[in-house]
A.B. asks: 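Could you have a look at this structure, given as structure tokens, before my questions?
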Amino acid sequence: MKIIRETSELQKVLSCEGNGTTGFVPTMGALHDGHISLVKKCRTECNVTVVSIFVNPTQFNDPDDLKNYPRTPEKDIELLDKAGVDILFMPEIGEIYPEEDTRVFSFGQLDTVMEGERRPGHFNGVAQIVSKLFDIVQPDRAYFGEKDFQQLAIIRALVRKLGYDIEIIGCPIKRDSDGLALSSRNALLTPEQRAAAPDIYKTMRDAVGLKDKKTVAELCKWVTDRINENPQLEVEYFTIVDSLTLQPVSDWNEEGEKYGCIAVSTGNVRLIDNMKFS
């Protein structure tokens, strides 16, 4: 595995790879089995697999969140080498942002709900870094986890908006044995918080079985109340949304696929998850 830190070197190496398909997995490090599942899928579909590790400051609206974000570079390198990655791109901040990125993106209603409502500027920062990385790597395919359901929708919108010829591949959520969605932030959980966190998945799973007995509003309240019974957990939102528009639905008979999306705080850690409801 080649470890590259400069854009010019990366592009030079990629130009020597010929006409094969380049696959790209952008990450912020602190890697886990969910990231590795993206790498594995990329390797089966592409001739060259590029992974980036870059903790992007422009998508953090809370300075403490940026400061505390887990960083495990030595472990990450070992995992990616073992997984068969061809190129690891690990740039410094000055390499990506030699000057301030003042671009402002608008995604209509996609970025005004859920995470967008609670984390102002977050998705603009995501769009800044993903577009920069796409311009640098110029991949044929890029792989993202479906745990970040709203982010995936926005990245697809970004590709359409900027006219990238890149296929965006969404990959299924990877979960621990107790159902907790794998996340780099899980490493920040205390033992008590980690023991409580699987209630998020269990409650949503039970809610899927109740959708024929409750209205959308009743089910959202049921999920929120049940999770909040755990003193370690506090629901920020749980909403049933249309999978394409991300707008809340009010009736199960509305057309389109419906997903339940949730954010839960436990101490200073935010956990997000989602599940298909129809």
Side-chain angles (χ1 to χ4, degrees), residues 25 27-41 65 68-70 72 75-76 79 83 113-115 118-119 143-153 169-214 216 218-243 246 248-249 252 257-278:
V25 182
T27 83
M28 293 205 301
L31 304 182
H32 50 67
D33 285 347
H35 295 106
I36 299 306
S37 71
L38 306 184
V39 169
K40 289 179 178 177
K41 185 168 180 59
D65 192 19
N68 295 326
Y69 195 84
T72 57
K75 178 185 174 186
D76 293 345
L79 283 172
V113 295
M114 298 188 292
E115 294 299 289
R118 289 158 180 82
R119 302 178 66 187
Y143 296 78
F144 296 86
E146 292 176 352
K147 182 181 77 70
D148 295 301
F149 190 78
Q150 187 173 10
Q151 174 179 276
L152 180 57
I169 311 294
C171 300
I173 298 171
K174 289 286 285 185
R175 298 184 181 277
D176 219 327
S177 58
D178 56 11
L180 179 62
L182 297 184
S183 169
S184 299
R185 297 179 191 274
N186 292 357
L188 302 175
L189 299 173
T190 67
E192 294 78 13
Q193 292 165 349
R194 178 61 184 82
D199 280 359
I200 301 167
Y201 167 76
K202 293 172 185 174
T203 301
M204 286 202 299
R205 182 191 60 193
D206 291 347
V208 172
L210 294 174
K211 66 185 181 68
D212 294 331
K213 301 177 182 178
K214 296 180 181 292
V216 172
E218 288 171 343
L219 195 65
C220 288
K221 184 178 186 304
W222 181 86
V223 167
T224 299
D225 290 346
R226 181 167 167 182
I227 291 176
N228 283 343
E229 288 175 0
N230 190 315
Q232 295 285 344
L233 306 176
E234 182 178 357
V235 176
E236 291 190 16
Y237 64 81
F238 174 71
T239 183
I240 308 292
V241 303
D242 179 274
S243 64
L246 303 186
V249 301
W252 296 117
E257 288 187 336
K258 300 168 186 67
Y259 276 73
C261 297
I262 195 166
V264 178
S265 294
T266 175
N268 294 322
V269 182
R270 293 179 81 253
L271 302 174
I272 62 172
D273 202 346
N274 66 82
M275 190 172 292
K276 186 176 179 180
F277 272 70
S278 68

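All values reported here derive from a predicted model rather than from experimental measurement.
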A.B. asks: Grab the two heavy atoms, one from Ile240 and one from Gly260, that are nearest each other, plus how far apart they are.
C.D. replies: CD1-CA, 3.8 Å
A.B. asks: Which pair of non-hydrogen atoms, one from Lys214 and one from Glu218, has the smallest distance, and what is that distance?
C.D. replies: CA-OE1, 3.4 Å
A.B. asks: Does Tyr237 reach the side chain of Cys220, with side-chain heavy atoms less than 4.5 Å apart?
C.D. replies: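 The answer is no, as the side chains (C-beta and beyond) never meet within the 4.5 Å cut-off.
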A.B. asks: Quick check: do Ile173 and Asn274 have side-chain heavy atoms less than 4.5 Å from each other?
C.D. replies: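 When only atoms from C-beta onward are counted, Asn274 and Ile173 do touch, with a gap below 4.5 Å.
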A.B. asks: Please find the pair of heavy atoms, one from Lys211 and one from Trp252, that lie closest to each other, and give the distance.
C.D. replies: O-NE1, 3.1 Å
A.B. asks: Can Asp273 and Arg205 be counted as an ion pair, charged N to O under 4.0 angstrom?
C.D. replies: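 So Asp273 does not pair with Arg205 through a salt bridge.
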A.B. asks: Does some side-chain heavy atom of Leu233 sit less than 4.5 Å from a side-chain heavy atom of Asp199?
C.D. replies: yes
A.B. asks: Salt-bridge test for Arg270 and Glu115: reply yes if a basic N is under 4.0 Å from a carboxylate O, no otherwise.
C.D. replies: yes
A.B. asks: Would you compute the distance between atom CG of Asp206 and atom CH2 of Trp222 and round it to the nearest 0.5 angstrom?
C.D. replies: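 Interatomic distance, Asp206 CG to Trp222 CH2, rounded to 0.5 Å: 5.0 Å.
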A.B. asks: Please assess Leu271 against Gln193 for the test side-chain contact (heavy atoms from CB on, under 4.5 Å), listing each intermediate value before the final yes or no.
C.D. replies: CA-CA 11 Å; Leu271 302 174; Gln193 292 165 349; over 6 Å; no
A.B. asks: What distance separates Ile272 CD1 from Asp148 CG, expressed to the nearest 0.5 Å?
C.D. replies: 4.5 Å
A.B. asks: Any side-chain heavy-atom pair from His35 and Asp76 closer than 4.5 angstrom?
C.D. replies: no
A.B. asks: Would you confirm whether Thr266, through its side chain, and Val269, through its main-chain N or O, come within 3.5 Å as a donor-acceptor pair?
C.D. replies: no
A.B. asks: Indicate yes or no for a side-chain donor-acceptor contact from Gln150 to the backbone of Val113 under 3.5 Å, with no hydrogens or angles considered.
C.D. replies: yes
A.B. asks: Rounded to the nearest 0.5 Å, how far does CG of Asn268 lie from CG of Asn68?
C.D. replies: 7.5 Å
A.B. asks: Within this structure, what is the CG-NE2 distance for the pair Leu79 and His32, rounded to the nearest 0.5 Å?
C.D. replies: 11.0 Å
A.B. asks: To the nearest 0.5 angstrom, please state how far the NZ atom of Lys276 sits from the CZ atom of Phe149.
C.D. replies: 9.5 Å
A.B. asks: Is there a side-chain contact between Asp176 and Arg194 in this structure, where contact means two heavy atoms from C-beta onward sitting under 4.5 Å apart?
C.D. replies: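 They are in side-chain contact.
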A.B. asks: So, does Asn186 use its side chain to make a donor-acceptor pair with the main chain of Ala181 at under 3.5 Å?
C.D. replies: yes
A.B. asks: Are more than 12 heavy atoms from other residues, nucleotides or ligands located less than 6.0 Å from atom CD of Glu234?
C.D. replies: no
A.B. asks: Can you give me the closest heavy-atom contact between Ser184 and Pro70, atom names plus distance?
C.D. replies: O-CG, 3.3 Å
A.B. asks: Distance from Lys147 atom NZ to Leu152 atom CG, nearest 0.5 Å?
C.D. replies: 12.0 Å
A.B. asks: Could you check Thr203 against Phe238 for side-chain contact (heavy atoms from CB on, under 4.5 Å), going step by step and ending with a plain yes or no?
C.D. replies: CA-CA 11 Å; Thr203 301; Phe238 174 71; over 6 Å; no
A.B. asks: Please report the shortest heavy-atom distance between Ala30 and Thr72, naming the atom on each side.
C.D. replies: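 Taking Ala30 first and Thr72 second, the nearest heavy atoms are CA-OG1, 3.3 Å.
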A.B. asks: Nearest heavy-atom pair of Leu189 and Ala197: which atoms, and what distance?
C.D. replies: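 So the minimum-distance heavy-atom pair works out to CD1-CB, 4.4 Å.
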A.B. asks: For the residue pair Ile262 and Ile227, establish whether any side-chain heavy-atom pair is separated by less than 4.5 Å.
C.D. replies: yes
A.B. asks: Which residues pass the side chain to side chain contact (heavy atoms under 4.5 Å, CB included) test with Ala153, sequence neighbours left out?
C.D. replies: Leu246
A.B. asks: Does the side chain of Tyr69 reach to within under 4.5 Å of the side chain of Arg185, using non-hydrogen atoms?
C.D. replies: yes
A.B. asks: Are the side chains of Phe144 and Leu38 in touch, meaning some heavy atoms are under 4.5 Å apart?
C.D. replies: no
A.B. asks: Assess the side chains of Glu236 and Ser265: does a donor N or O sit below 3.5 Å from an acceptor N or O?
C.D. replies: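 Yes, side-chain donor-acceptor contact under 3.5 Å.
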